[in-house]
Every structure is written in C-alpha cells, then in structure tokens.
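All residue numbers in this chain count up from 1 along the given sequence.
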Amino acid sequence: MKNLLLALCLLLGTCAHAQFFKQENGLAHTFSIVARDEKTGEMAVGVQSHWFSVGTSVSWAEAGIGAVATQSFTNKSFGIRGLGLLKAGKTAQEALDILLSDDPGREVRQVAIVDAKGNVANFTGKNCIDFAGDLKGKGYAIQANMMLTNEVPAAMAKAYEANMNLPLAERVLATLKAAQKVGGDIRGKQSAVILVVKGEATGKPWDENHLVDLRVDDHAAPLVELERLLTLHRAYEHMNNGDLATEKNDMPLAMQEYEAAMKMFPNNLEMQYWTAITLANNGNVAKAAKMLKGVYAKDPLWRELTKRLPKVGVLTVKAEEMGVLVK
C-alpha cells in the first residue's frame, strides 16, 4: 500500500495532494454501469473488479431516487451524498458537479449517476489508470479504468443496447460479461455486484424496494457466480409467487410457480420439500409422499422437520396421512 500511495503522489506531482486518499475510501479499479429501465422505472448498478468486496464501496442505489457508482480511488461519500442530492431535486449532472466541485482527488475519481427520470452523468479523472474511459447512452452510463484494452466501454454499451428485451438485472449482467470478454480488468477478477431498486419507493423500508441485491465478494469467476445467484434469485421469486398463490387458494398457479422454480434448480431440496408440503395440505398426499421420499433419501433430517409441522399448523393432514408422509 505504501508503494501504491508513493506512486500516486508522483502521479499527481506532489505528496501534498495525496491527502484525499483516506483509508475508509479504498480502491476499486473496475468497470461498471448505472442504468434505468425506461419501461419499469427500475434503476441498477452493476460492477466487477479485481478488488475484494467491491459491492461495499462502489454501488449505491435508492428506490425512487437513483443509482451511483463511485470507483477508481473510491470516495464512498459520493454514494450517500449523491443520492441525497438527487433526493433534494438535483439532476444527475447537477449532483455530479456538486460532488466534484470540492474534491481534491477528483482527477483520480471515476463516478456515474442515473436519476429517477433517466438522466445520466459520468466523469473520469485525467489521472485514472489506463485504459480508462466512459460513455453515456439513453438511460445508462458506463465507466472503466485499469482495463486491459480500450475496447471495454464500447463493448459494454453494445451489449446493453442489444439486450433491451431482458429484465434490467439480466441486461446489466450481460453488459458486465461483455466487458470481461474483451479483456476486463488488467489484473484479473475477484468480486462483482448487481443492485436493482424500484422506480418508485413504497415509503416502507421493510418492503422489497431492493428488487435484486446480489454480491460476490471473493471468487475466481465472480460473474459466473453472480449469474448462478441471479438464477437462484429468480427461482425463489417463483417459490414466493407460489406461496402467494397458495394463500389465495389458487393451486394451479401455485404448482405452476413451484414447478418453474424446481425446473431451474432441480437438486434444491428446499424447493422440493415445501412444494411437497403444499401438495399435502391441498389433498394430494400421494404425490407429496413420493416427493418427500426422495428428499428424505438425500437428507433424513427433513423427515424430522415434517414431524414438527403439524404442531404449528404448517402441515394440516389427518393422522393416517401423516404416517404416509413421514414413512
């Protein structure tokens, strides 16, 4: 770290200017995108870096407000302050101008902002490490530094615009994968994040204002792992939808959702188990028992859980049916 700071001091011409680098800020030489979906109003940040836990410093977003990516020599305050400025009515460009106006380290910053109206702004300081650059499109902004080649921003923009048919999270993932395909970070890869928030806040912090909030902190192939997590996230969305359909006594829809989830992750015992319990509660004990037998064969502790469910009303079957289910 000392060598890195010394190099930065020389880069800026004098050590007196290195005061902007603070331990709590850190580094994130990386590539990222901030974007707003014109149809849904959802906003997102997507990042990959060869730096541990990039999602704790680069990506910031708030439902109904906007999204911020702050990288290179990261200034975490840009995330919090940037969202605050958007909330106060500033546009993305106005917020960015204010953030940079009193920042002594602006020339090693890289920042991007999208607001709830789809306005975007970004900035790359002249002392960001090559290859470094940014570009903007309708409703999105892309930025990259310390890249292996100068092809990354254009590749990302092309991928984003070519995948407009996908949900925003999947579109962002495709954009990040395109960056990696043309070289990505010259140092390699370590962590990644996708954060998607609603276009309008519910006003209730406990509601699902974060639609997708996935991080890979340390992995040899972070985008591969991020894609797996996003697929798992979608599978559990189907499970949740199935639960809601069950509450409304819409069993055809419930089973459709559960089957969609299990198709995505056929080896997930959790999904199989609760689908079977739902079947049992709705009179299809034979099919439930068959599914549970397969679950028990892989992990007998699920049988013990089944025995505990009637006590709290989660499993509502007759005694003889219970015997079939725990056999």
Side-chain angles (χ1 to χ4, degrees), residues 37 39-40 42 44 46 63 163 165-174 176-177 192-198 202 206-216 219 221-310 312-317 321 324-326:
D37 188 302
K39 294 180 180 178
T40 66
E42 295 171 5
N163 288 283
N165 59 312
L166 296 179
L168 185 57
E170 281 78 2
R171 200 183 317 160
V172 167
L173 178 61
L176 298 178
K177 289 168 70 175
V193 59
I194 291 179
L195 173 59
V196 181
V197 298
K198 289 181 177 179
T202 64
W206 52 87
D207 281 348
E208 296 296 330
N209 288 309
H210 283 196
L211 298 172
V212 177
D213 192 352
L214 301 173
R215 280 174 32 196
V216 177
H219 198 280
L223 291 182
V224 174
E225 176 63 5
L226 193 62
E227 184 169 22
R228 185 190 71 83
L229 292 176
L230 181 56
T231 303
L232 189 59
H233 173 86
R234 296 304 189 199
Y236 271 94
E237 282 185 333
H238 284 298
M239 291 296 293
N240 291 336
N241 291 337
D243 292 344
L244 290 174
T246 300
E247 290 180 15
K248 298 177 181 178
N249 202 31
D250 187 345
M251 287 311 298
L253 178 58
M255 294 313 302
Q256 178 182 321
E257 292 288 349
Y258 290 149
E259 287 170 4
M262 288 188 292
K263 184 176 181 181
M264 296 174 77
F265 280 88
N267 297 321
N268 187 296
L269 296 184
E270 182 94 24
M271 294 177 182
Q272 296 174 35
Y273 180 80
W274 292 113
T275 299
I277 296 301
T278 301
L279 284 168
N281 281 333
N282 287 274
N284 199 337
V285 175
K287 186 173 181 179
K290 183 178 180 180
M291 289 185 67
L292 289 173
K293 184 177 180 180
V295 172
Y296 300 157
K298 295 179 179 178
D299 186 347
L301 289 178
W302 289 100
R303 179 184 282 107
E304 179 59 31
L305 178 59
T306 303
K307 296 175 182 178
R308 301 179 184 186
L309 299 183
V312 292
V314 176
L315 181 57
T316 55
V317 295
E321 293 174 329
V324 174
L325 294 174
V326 296

- request: Could you tell me whether the side chain of L214 reaches within less than 4.5 Å of the side chain of E227, counting heavy atoms only?
  value: no

query: At their closest point, which heavy atom of M262 faces which heavy atom of Q272, and how far apart are they?
result: SD-CA, 3.8 Å

message: Checking the side chain of N281 only, and the main-chain atoms of V314 only, is there a donor and an acceptor separated by less than 3.5 Å?
response: yes

message: Check R308 with E304, please: is the shortest side-chain N to carboxylate O separation under 4.0 Å?
response: yes

message: If you compare all heavy atoms of Y258 against all heavy atoms of M239, which two are closest, and at what distance to 0.1 Å?
response: CE2-O, 3.5 Å

query: Excluding sequence neighbours, so at least two apart, what forms ring pair (Phe, Tyr, Trp, His ring centres under 6.0 Å) with F265?
result: none

statement: When rounded to the nearest 0.5 Å, the distance separating CG of L211 from CG of L195 is 9.5 Å

query: Considering only heavy atoms from C-beta outward, does the side chain of L230 approach that of E170 to under 4.5 Å?
result: yes

statement: All heavy atoms of L315 vs all of A280, minimum pair found to be CD1-CB, 4.0 Å

For Y296 against L325, the heavy-atom pair lying closest together: OH-O, 2.9 Å

query: Between E257 and D243, is a side-chain contact (heavy atoms from CB on, under 4.5 Å) present by the stated rule, with each step listed?
result: CA-CA 9 Å; E257 292 288 349; D243 292 344; over 6 Å; no

message: To the nearest 0.5 Å, what is the distance between CD1 on I194 and CG on L168?
response: 9.0 Å

Interatomic distance, M291 atom CE to I277 atom CD1 [nearest 0.5 angstrom]: 10.0 Å

message: Main chain of L253, side chain of D250: is a donor-acceptor contact present, judged purely on distance under 3.5 Å?
response: yes

message: What's the separation between atom CG in L173 and atom CG in N163, rounded to the nearest 0.5 Å?
response: 9.5 Å

message: Give me the atom names and distance for the closest heavy-atom approach of A289 to V324.
response: CB-CG1, 3.8 Å

- prompt: Sequence neighbours excluded, which residues qualify as side chain to side chain donor-acceptor pair (under 3.5 Å) partners of T231?
  reply: none

message: Within this structure, what is the NZ-CD distance for the pair K263 and E259, rounded to the nearest 0.5 Å?
response: 10.0 Å

query: Do H233 and D213 come within less than 4.5 Å of each other through their side chains, counting heavy atoms only?
result: no

field: Side-chain heavy atoms of D37 within contact of R171, under 4.5 Å
entry: yes

query: With side chains defined as the heavy atoms from C-beta onward, is the minimum distance between V172 and V196 less than 4.5 Å?
result: no

- request: Please list, chain by chain and in numerical order, all residues satisfying ring pair (Phe, Tyr, Trp, His ring centres under 6.0 Å) with W274, sequence neighbours excluded.
  value: none

field: Stepwise side-chain contact (heavy atoms from CB on, under 4.5 Å) check, K290 with N284
entry: CA-CA 10 Å; K290 183 178 180 180; N284 199 337; over 6 Å; no

message: Closer than 3.5 angstrom, by distance alone: can the side chain of R215 be matched with the main-chain N or O of V193 as a donor-acceptor pair?
response: no

message: Would you compute the distance between atom CG of D299 and atom OH of Y273 and round it to the nearest 0.5 angstrom?
response: 11.0 Å

field: Heavy-atom check, side chain of M251 versus side chain of T278, under 4.5 Å
entry: yes

- request: Please report the closest heavy-atom contact between A254 and G242, naming both atoms and the distance.
  value: CB-O, 3.5 Å

